[in-house]
Number of protein chains: 2
Amino acid sequence: AQEDLLLAAAYVYDAQYNRNIPFETSPQAVRLYYLYNHWTMQAATYFFIFVDLFLAVFEDPAVYPLPFLATSLVEVLCLLVFFGRLVHFAKVTPRNVFWKDTKNICIMIAILVTLIDLIIYGALKISNVNSIRWSRFLRPIFLINFAESRQIRRVFRSIRNTLPEITYVFLLFMFSVLMFSLMALKLFGDRNLRTVEGSPYFTNYLEIVFDLYVLVTTANSPDVMMPAFDFSWWYSLFFITYVVINTYLFMSVFLAVVYNNYRKHLKNEIRKLAYMKRHKMVEAFNILKVKEGTEFVVKEAQWKQLVKLVAPDISTSHRELLLRVSDDEQKGYVDKKSFVRLADLLNIQVIAMRIQTHPLEHWMPHVYNSAVSLFIRSMVQHKGFVWTYDVIILINAVFIALDEENPLISYAEWVFLSLYIIEILLKVYTYEPRAFFAKTQFWNWFDTFIIIAALVATILNTSLKSASQYNSQQVLDIVFILRVLRLIRIVDSIQRFRVIMNTLINIVPTMLTFGGLALYTTWSNPEPTEVNGKTPHTIDFNEAAKLYFIAFHVVVVIMIINILIAFILEAFFVEY
Amino acid sequence: AQEDLLLAAAYVYDAQYNRNIPFETSPQAVRLYYLYNHWTMQAATYFFIFVDLFLAVFEDPAVYPLPFLATSLVEVLCLLVFFGRLVHFAKVTPRNVFWKDTKNICIMIAILVTLIDLIIYGALKISNVNSIRWSRFLRPIFLINFAESRQIRRVFRSIRNTLPEITYVFLLFMFSVLMFSLMALKLFGDRNLRTVEGSPYFTNYLEIVFDLYVLVTTANSPDVMMPAFDFSWWYSLFFITYVVINTYLFMSVFLAVVYNNYRKHLKNEIRKLAYMKRHKMVEAFNILKVKEGTEFVVKEAQWKQLVKLVAPDISTSHRELLLRVSDDEQKGYVDKKSFVRLADLLNIQVIAMRIQTHPLEHWMPHVYNSAVSLFIRSMVQHKGFVWTYDVIILINAVFIALDEENPLISYAEWVFLSLYIIEILLKVYTYEPRAFFAKTQFWNWFDTFIIIAALVATILNTSLKSASQYNSQQVLDIVFILRVLRLIRIVDSIQRFRVIMNTLINIVPTMLTFGGLALYTTWSNPEPTEVNGKTPHTIDFNEAAKLYFIAFHVVVVIMIINILIAFILEAFFVEY
Ligand code: NA
């Protein structure tokens with residue numbers, strides 16, 4: 001029975017978190033499946049994936065060079081972890097499912113190829129031959145293909161789904177660029193115009209194509225237009241038409257195609273997820289069901305044990321509430337229809353409105369309820385308290401903008417820091433600490449983190465200064481950043497801003513995923529284009545780099561950024 | 001009865017074209033209303049509005065200076081036309097409606113103020129005092145407030161509706177810029193960094209704010225980042241974070257807010273239009289109704305006369321078809337429910353599928369149906385004909401890209417031009433000319449226009465050349481552009497491209513409206529920023545110009561461009 005319960009709980013858990021891994025139902029496999037889904041195992045996998053990706057920083061050409069032995073050892077460790085995770089997965093999932101899944105095959109091949117490349121590179125290194133670690137480009141495969149990376153895989157699925165439609169628009173867009181380039185060649189090619197650097201202007205067709213392509217990104221504007229403007233003001237019409245058609249019109253059409261596709265597939269995906277969720281809940285029900293009269297049901301005791309297994313964190317009163325909803329006639333059992341809804345019920349955030357007594361009231365009720373204490377508590381709960389601190393933050397902003405060298409201002413920083421610490425202490429004194437630091441109280445966590453970090457960094461900086469008469473620049477930079485971040489707090493005071501900020505904060509995890517993708521695409525390229533600040537109009541592009549720039553623009557701007565915008569549009573439509 | 005019919009027809013006409021002008025129902029007012037809505041009157045109004053706006057080109061500071069007397073006379077003429085139009089409108093619409101409409105008051109004040117400014121400026125000019133024609137900025141009022149400019153007013157309504165929500169997001173965005181500027185000041189201010197031009201880097205707070213604001217538009221990227229990158233690679237993280245948050249995240253949120261609002265108001269507007277349409281059709285019905293048994297109806301004869309008045313262009317068979325739909329039981333009258341649908345029925349494009357005989361078949365059937373003629377006609381209708389001309393266009397593209405000086409290539413141009421003319425002649429010979437030049441056949445019109453224009457321009461250029469041994473540069477430029485435009489034709493051969501192109505072509509009128517708005521905003525500014533190619537990083541901005549740049553960016557990029565993108569998104573969702 002305990003094994004049945006574990007299996008049913010696994011199904012409910014999968015339904016609740018929309019996980020879709022087929023697993024063996026033998027007791028041993030279910031136990032392994034629990035281990036596989038444990039957050040520590042998932043966190044460890046992510047950790048090693050990011051270590052593996054981050055290795056690029058320490059490898060030739062490196063930002064911080066490390067000996068090959070060190071990086072290769074770390075890489076082998078990562079590969080071992082990936083292999084271990086894959087073996088674990090193979091033990092959980094049915095054999096035929098495992099071998100049919102291209103994700104697993106991809107990971108295995110990537111591990112194998114990376115090992116071979118590592119060995120060859122090492123051998124060549126020992127015999128003093130320089131070669132390239134080309135398997136570096138395989139590393140994102142681990143990020144994409146491990147079952148945890150559903151979000152990232154969704155982006156890739158979006159790209160793959162949109163590709164046919166985007167391709168047609170892109171061809172039309174390239175046709176437009178080619179036509180405008182031909183016009184530019186005819187209009188400007190024979191006029192002996194010179195660029196600011198003195199080189200011939202718009203005389204070579206392929207160079208014009210590239211210049212006008214870059215103009216779409218506005219990266220070389222206005223430099224690329226200047227010689228034509230200087231020659232005749234009328235030629236501005238050429239560039240205005242170009243920018244309107246290719247930057248605004250076509251870029252909007254790219255967005256429209258991506259967004260349209262995104263919405264369509266989002267609908268399909270939601271429908272599929274709802275179907276899978278129901279399917280799993282029915283499986284769980286079938287395991288636990290007993291016959292009661294004419295219908296199959298799950299007994300109250302079984303149901304309670306299941307909920308305890310699935311959601312060990314929720315309180316007894318919360319569980320009783322769920323039971324009341326699921327068995328509304330108090331018949332002592334839950335029918336199939338109510339049981340299937342359990343996964344959704346568990347996802348509803350129930351805000352415990354029980355007014356918990358403050359720990360201090362427990363320990364020393366006389367002091368906590370004394371006149372002074374009551375005055376302090378009502379003062380903290382007053383609107384004026386928030387306003388006072390808003391004013392303090394504004395004054396703080398002025399002080400930050402002023403000159404740091406003045407010792408008075410330097411001392412003022414200590415005053416502000418103390419004021420902020422006092423504020424947090426007062427709030428924790430007034431409000432129940434567990435409510436104050438609840439999961440949903442993002443701003444309280446933010447405040448506390450920033451203030452503690454600022455305190456540590458300021459103390460560190462002061463002690464370094466007194467010890468060595470020298471500011472550590474890194475610590476000082478962090479102190480500066482923390483001081484400015486503290487000011488964000490003022491946004492929270494205005495209701496309308498809070499709504500927008502909350503939407504933005506919900507977007508952050510996705511932003512980071514997309515940002516990571518865009519950054520890695522930039523980083524792992526042969527000639528860093530954007531990161532080093534060398535953009536098209538400051539360096540001479542060779543042909544390969546030009547093609548790379550176009551490919552980069554297509555992938556990052558046209559695909560990834562548009563999917564991100566589509567995501568943001570949807571997030572705002574849901575929120576507003 | 002004729003007067004009743006005219007009044008009913010006016011209601012039907014308004015319903016059909018979604019016009020919402022309240023008008024007096026006296027026979028004289030209705031006749032004036034017909035004149036008011038005549039296309040020549042509307043075209044004349046638009047013509048003078050654009051003449052008025054275009055005057056800016058000829059006034060100080062002028063692109064093409066003209067004497068003050070000339071421009072002022074033209075302006076007075078425009079004002080007279082506007083006043084006349086307004087008086088006409090006053091005679092059509094009820095008195096109390098006229099004086100309650102702020103649009104009319106706006107126009108009157110604008111006319112008055114412009115006249116006063118004109119007189120003052122003229123008087124000062126005569127006494128040799130230089131002053132400013134500040135009433136120039138009032139000119140767009142005529143464009144916006146005349147009842148014809150519904151499209152433009154919709155944009156302004158969109159802006160006004162979105163303003164409150166946008167303001168909150170904008171404040172948050174500015175807060176973010178101010179915070180990042182504060183961070184930049186603290187991180188870079190004390191490091192004695194220098195820009196490429198050698199001036200101090202990031203030392204003045206307000207200058208940093210402006211530089212970072214411009215960075216959002218990427219107009220000064222990468223120059224503004226270079227000193228920090230050169231100092232330490234790590235500071236790229238600062239700029240990456242900045243661009244991600246302020247360029248991508250906030251700009252997407254602006255788009256989301258505008259788009260959300262656009263969709264919401266589009267729905268309301270469509271609902272309101274449908275209500276107004278029904279209301280007007282009911283008014284028309286009430287005028288013409290007679291009692292037939294228990295219900296009110298419109299007799300067939302009356303109905304036919306009405307349709308002849310409302311849509312004089314449609315054929316008898318088309319009108320009979322409409323009657324068959326409206327009186328499906330052939331009872332000799334149209335009931336209220338069917339009558340109300342008439343406005344929508346009239347808007348349906350009925351493609352006359354009657355196979356018209358070619359005029360040549362009429363005039364000389366023996367020649368037109370001879371073996372040779374039949375062979376030519378089947379050849380033109382064959383797929384291979386289209387493919388052959390696609391190949392010719394591609395070869396033409398190569399020739400255009402090659403050197404013009406070579407006389408062989410110069411002659412080749414004549415060959416291509418002849419080939420294109422032959423193509424059009426062959427098509428007109430094969431297909432019925434009225435079908436070939438139907439309103440819906442955009443590409444046939446496009447082809448014919450381009451080829452005839454190219455023919456005229458090429459002949460003009462050749463005759464100028466032989467007359468004066470000298471190419472007229474303007475004519476040559478036009479010839480070049482026409483030659484390249486001819487190549488667009490190839491797009492039409494591929495089905496997928498045609499769908500996208502048709503959507504893009506549908507967008508063109510709106511694009512022009514928006515483009516005009518954006519351009520006028522740019523043009524009428526005290527210091528031309530974009531048009532003259534002087535953008536922020538090449539000229540020193542004074543404080544006023546900085547504020548102007550920010551205002552310009554807010555209005556044009558954040559508002560107008562986003563409404564345009566919203567429009568394009570919707571257009572594509574409808575099309576796909
Ligand atoms: Na730029």
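The chains referred to below are lettered A, B, ... by the order of the sequence lines, with proteins before strands, and numbering in each begins at 1.
For chain A, the option among B:Leu485, B:Leu178, B:Leu187 with the highest count of heavy-atom pairs below 4.5 Å is B:Leu187. Top candidate by heavy-atom pairs under 4.5 Å with chain B, chosen from A:Leu185, A:Ile488, A:Leu171, is A:Ile488. Considering only heavy-atom pairs separated by less than 4.5 Å from chain B, the leading option among A:Val484, A:Ile481, A:Leu255 is A:Val484.
A side-chain donor-acceptor contact under 3.5 Å links A:Thr241 to the backbone of A:Leu237. A distance-only check finds no donor-acceptor pair linking the side chain of A:Tyr242 to the backbone of A:Leu215 [under 3.5 Å]. In this structure a side-chain-to-backbone donor-acceptor pair under 3.5 Å is present from B:Ser181 to B:Val177.
Below 30°, between 30° and 60°, or above 60°: for B:Phe202 and B:Phe188 the angle between ring planes is between 30° and 60°, a tilted geometry.
Interface remark: B:Tyr205 contributes no atoms to any contact with chain A (heavy atom separation under 4.5 Å). Of the atoms belonging to A:Phe497, heavy atoms from both backbone and side chain fall under 4.5 Å from chain B. Contact annotation for B:Ile245: neither backbone nor side-chain heavy atoms come within less than 4.5 Å of a heavy atom of chain A. Contact of A:Phe180 with chain B is not made at all, since no heavy-atom distance falls under 4.5 Å. For B:Phe238, no part lies under 4.5 angstrom from a heavy atom of chain A. For B:Met225, no part lies near chain A; criterion is any non-hydrogen pair under 4.5 Å.
Every salt bridge (Lys or Arg N to Asp or Glu O under 4.0 Å) that B:Arg498 has, sequence neighbours left out, goes to B:Asp492. When the side-chain hydrogen bond (donor to acceptor under 3.5 Å, both in side chains) test is applied to A:Tyr235, the partners found at least two apart in sequence or on another chain are A:Arg191, B:Asp477.
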side-chain contact (heavy atoms from CB on, under 4.5 Å) evaluation trace for A:Ile166 with A:Phe254: CA-CA 7 Å; A:Ile166 277 282; A:Phe254 282 127; 3.5 Å; yes
